Amino acid sequence: MTKPQDKLRGWASARKAILSGLRFTSLRLRLVVVFGLVALTAAVSASGIAYWLNREAVLTRTQDAVLRGFRQEMQNRAGVLPAHPTQDELQHTAVQMAASSQRFSVLLVAEDDSGRTVVGNSGALDTFSLADVPESLRTAVGRQQPITSNNKYPYHLYWQRIIDGDKPYLVAGTKVIGGGPAGYMLKSLEPEEKDLSSLAWSLGIATGLALIGSALLAQAAATTVLKPVQRLGIAARRLGEGKLDTRLRVSGTDELADLARTFNHTAEALETRVADMSARDEASRRFVADMSHELRTPLTAITAVTEILEEELDAETGSIDPMIEPAVKLVVSETRRLNSLVENLMEVTRFDAGTARLVLDHVDIADQITACIDARAWLDAVELDAERGIMSRLDPRRLDVILANLIGNALKHGGSPVRVSVRASDGDADTDTDLLIEVQDHGPGIPEDVLPHVFDRFYKASASRPRSEGSGLGLSIALENAHIHGGEITAANSPKGGAVFTLRLPRDPSALTETPAEPNGANRNGEGA
């Protein structure tokens, strides 16, 4: 049985998909809109032209037939009337003229023997009267034209379309040549208007159907065009996620097929290049690891010898020749430096290979810092501001490495006294409080151009001093150990002077025990331990 929450989630996801598809930034919607506008413009233009042509054809055909019939009736009926007919004669003739096949109303106007104007009306169309005839038309009908070579008749037939009560009419008039009554005709164009209205509705429906059809065609075209593009986008995202074996299925010979082929060639070249780089990187890491392991055996023997030489140097008997004493001291110092470098290289190799793991334990931070300082005889040079009882679940060995590098770096490059303070900081709303450990020295601080590079491997702040007591890996290893705890180390300059390194660690990083550290850089000018 489907739960209401599942239904709501399904409806929400469907609604989100529909809205995302209807965004105007969507190429699909833009294609549909463009197709629709083109189809609408074409359909409206074609319908408008068709309506106008049909309208003119219908009206012209009707008008020509009516005017031809009216002229014929004027010649056959009104032309035989006397020059001064009576009203009865006009009335009778008007009724006869209106009885023609065109079914128009007729109005005849003349003067009787006494000079009085008499009017004959056919009685149709609500008693067609002289007031219904536009004055301009009456004036034109009554005006006698001069006879010329181009004009053989003094009177002509004139017509005009009028609207009376929202109904269209055709009104025309002429006068009998040679003397006689003037005749006017009124013909309703309402049937033609209904035919044209039906045509307009038909064209409107056709335009709507064309618009719907164009939208469907646009949707089909957009699907045809955008489906390969969507597949290309999905493949590109998979490629960006590191799935370098992603390929597109190529079908056809069009531009989209060429694009898919180009993508496949690019992905194949990228996979080959990444595989080659990975192999080289793996070979490089293996070389460093093998070299470090190989160096440990002779270094162990050399270290034992140097310890014996150092004991001889410290002996009261002074058995070592004073002439070679500086050389012995140099050998002892460089052997220690080389031993430290090998150990650091092996540690870096573990981080790069992703084999570094945490061994967690509940530790008192104040006790841990005190043990680190005491083991290196830094008690006189370091001020500790930490309350006992601040417990955290950490890897003690890796925390000791972090602290030794930060404090030793501060003593070496910043000068004493070095202040180490511990406090708890509120984390995110969904996490426990974080642990903050600040190491501040009283030296000149870190140059601004050096700050971004203090954690880079083998970085030296001064190019003029490429050699120093450190290997240039201490701060890098400290940062990697912070990362594997899920923490971070930042470097800055204090407003009061000196450099400040801030270590931020979660109180319980147990969820991150299987997360390998990401490779990063080294310190300012070496490490502290």
Side-chain angles (χ1 to χ4, degrees), residues 55-145 147 151-198:
R55 179 178 182 275
E56 290 301 316
V58 170
L59 292 179
T60 301
R61 183 172 60 250
T62 302
Q63 175 181 295
D64 291 345
V66 171
L67 293 178
R68 189 166 49 250
F70 177 63
R71 181 185 288 108
Q72 190 68 31
E73 291 296 325
M74 284 293 293
Q75 291 176 355
N76 296 338
R77 306 280 185 185
V80 299
L81 289 173
H84 299 286
T86 63
Q87 184 174 5
D88 291 338
E89 291 175 333
L90 289 177
Q91 190 76 25
H92 179 70
T93 302
V95 171
Q96 288 181 327
M97 293 175 62
S100 67
S101 60
Q102 297 299 329
R103 298 296 178 181
F104 43 68
S105 297
V106 178
L107 181 67
L108 296 177
V109 180
E111 292 183 356
D112 59 8
D113 294 334
S114 62
R116 183 171 59 88
T117 300
V118 291
V119 178
N121 194 313
S122 63
L125 291 176
D126 298 329
T127 61
F128 177 39
S129 65
L130 196 60
D132 297 324
V133 180
E135 185 176 354
S136 59
L137 183 62
R138 296 200 303 266
T139 302
V141 169
R143 183 184 302 115
Q144 185 175 357
Q145 302 291 334
I147 303 299
N151 182 33
K152 298 180 180 180
Y153 305 103
Y155 299 104
H156 296 274
L157 176 64
Y158 298 94
W159 60 270
Q160 187 175 345
R161 294 174 191 164
I162 62 174
I163 301 295
D164 186 11
D166 296 332
K167 295 181 179 180
Y169 293 94
L170 174 66
V171 60
T174 187
K175 192 171 184 179
V176 176
I177 299 173
Y184 297 96
M185 177 275 301
L186 184 67
K187 170 67 176 178
S188 174
L189 298 177
E190 190 173 1
E192 287 73 18
E193 183 186 34
K194 290 181 179 179
D195 292 341
L196 292 174
S197 296
S198 299

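Side-chain atoms are counted along with the backbone in the values below, which use heavy atoms only and exclude waters and symmetry mates. Note that the structure is predicted; figures quoted are calculated from it, not measured.
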For the OG1 atom of Thr86 and the NE2 atom of His92, what is their distance to the nearest 0.5 Å?
11.0 Å

Rounded distance (nearest 0.5 Å) linking atom CD of Gln75 with atom CZ of Arg71:
7.5 Å

Side-chain touch Leu67/Met185, heavy atoms, less than 4.5 angstrom:
yes

Using a 4.5 Å cut-off on heavy atoms from C-beta on, say whether the side chain of Leu81 contacts that of Thr93.
yes

In sequence, state the C-alpha distance, the side-chain angles, and the governing distance for Lys194 and Glu190, and then conclude on side chain to side chain contact (heavy atoms under 4.5 Å, CB included).
CA-CA 6 Å; Lys194 290 181 179 179; Glu190 190 173 1; 3.8 Å; yes

Treating Glu73 as the side-chain partner and Phe70 as the backbone partner, does any N or O pair qualify as donor plus acceptor under 3.5 Å?
no

Which atom of Leu137 lies closest to which atom of Gly173, heavy atoms considered:
CD2-N, 4.4 Å

Would you give the length of the straight line joining atom CG of Leu170 to atom CG of Leu186, rounded to the nearest 0.5 angstrom?
8.0 Å

CA sep, side-chain torsions, deciding dist, call: Tyr169, Asp132, side chain to side chain contact (heavy atoms under 4.5 Å, CB included)
CA-CA 11 Å; Tyr169 293 94; Asp132 297 324; over 6 Å; no

Residues in side chain to side chain contact (heavy atoms under 4.5 Å, CB included) with Asp112, at least two apart?
Ser114, Arg116, Val118

Do Gln87 and Glu89 have side chains that approach each other closer than 4.5 Å (heavy atoms only, starting at C-beta)?
no

What's the shortest heavy-atom distance between Gly183 and Met74, and which atoms?
N-CE, 3.6 Å

For residues Leu108 and Ala78, report the shortest heavy-atom separation together with the two atoms involved.
CD2-CB, 4.5 Å

Please say whether more than 12 non-hydrogen atoms of neighbouring residues, nucleotides or ligands are located less than 6.0 Å from CD in Glu56.
yes

Would you say the side chain of Val109 lies within less than 4.5 Å of the side chain of Tyr184, judging by non-hydrogen atoms?
yes

As an exercise, state the distance from OG of Ser197 to CD of Glu192, rounded to the nearest 0.5 Å.
11.5 Å

I need the minimum non-hydrogen distance between Pro181 and Ala110, along with the two atoms involved.
CB-CB, 3.6 Å

Give the table of side-chain donor-acceptor pairs shorter than 3.5 Å for residues 156-168, with sequence neighbours excluded, one pair per line with atom names and distance.
residue: His156; atom: NE2; partner: Asn151; partner atom: OD1; Å: 2.8
residue: His156; atom: NE2; partner: Tyr153; partner atom: O; Å: 3.3
residue: Arg161; atom: NE; partner: Gln63; partner atom: OE1; Å: 3.2
residue: Arg161; atom: NH2; partner: Gln63; partner atom: OE1; Å: 3.1

Just by distance, do the side chain of Thr60 and the backbone of Ala57 share a donor-acceptor pair under 3.5 Å?
no

Are any non-hydrogen side-chain atoms of Tyr155 and Gln144 less than 4.5 angstrom apart?
yes

Could you walk me through whether Leu189 and Thr62 pass side chain to side chain contact (heavy atoms under 4.5 Å, CB included), step by step?
CA-CA 8 Å; Leu189 298 177; Thr62 302; 4.1 Å; yes

Return the CG to CG distance between Leu59 and Leu196, rounded to the nearest 0.5 Å.
5.5 Å

Would you please say whether a donor-acceptor pair under 3.5 Å links the side chains of Thr117 and Glu111?
no

Taking all non-hydrogen atoms of both residues, which atom of Arg138 and which atom of Leu130 are closest, and how far apart?
NH1-O, 3.2 Å

Would you confirm whether Ser122, through its side chain, and Val95, through its main-chain N or O, come within 3.5 Å as a donor-acceptor pair?
no

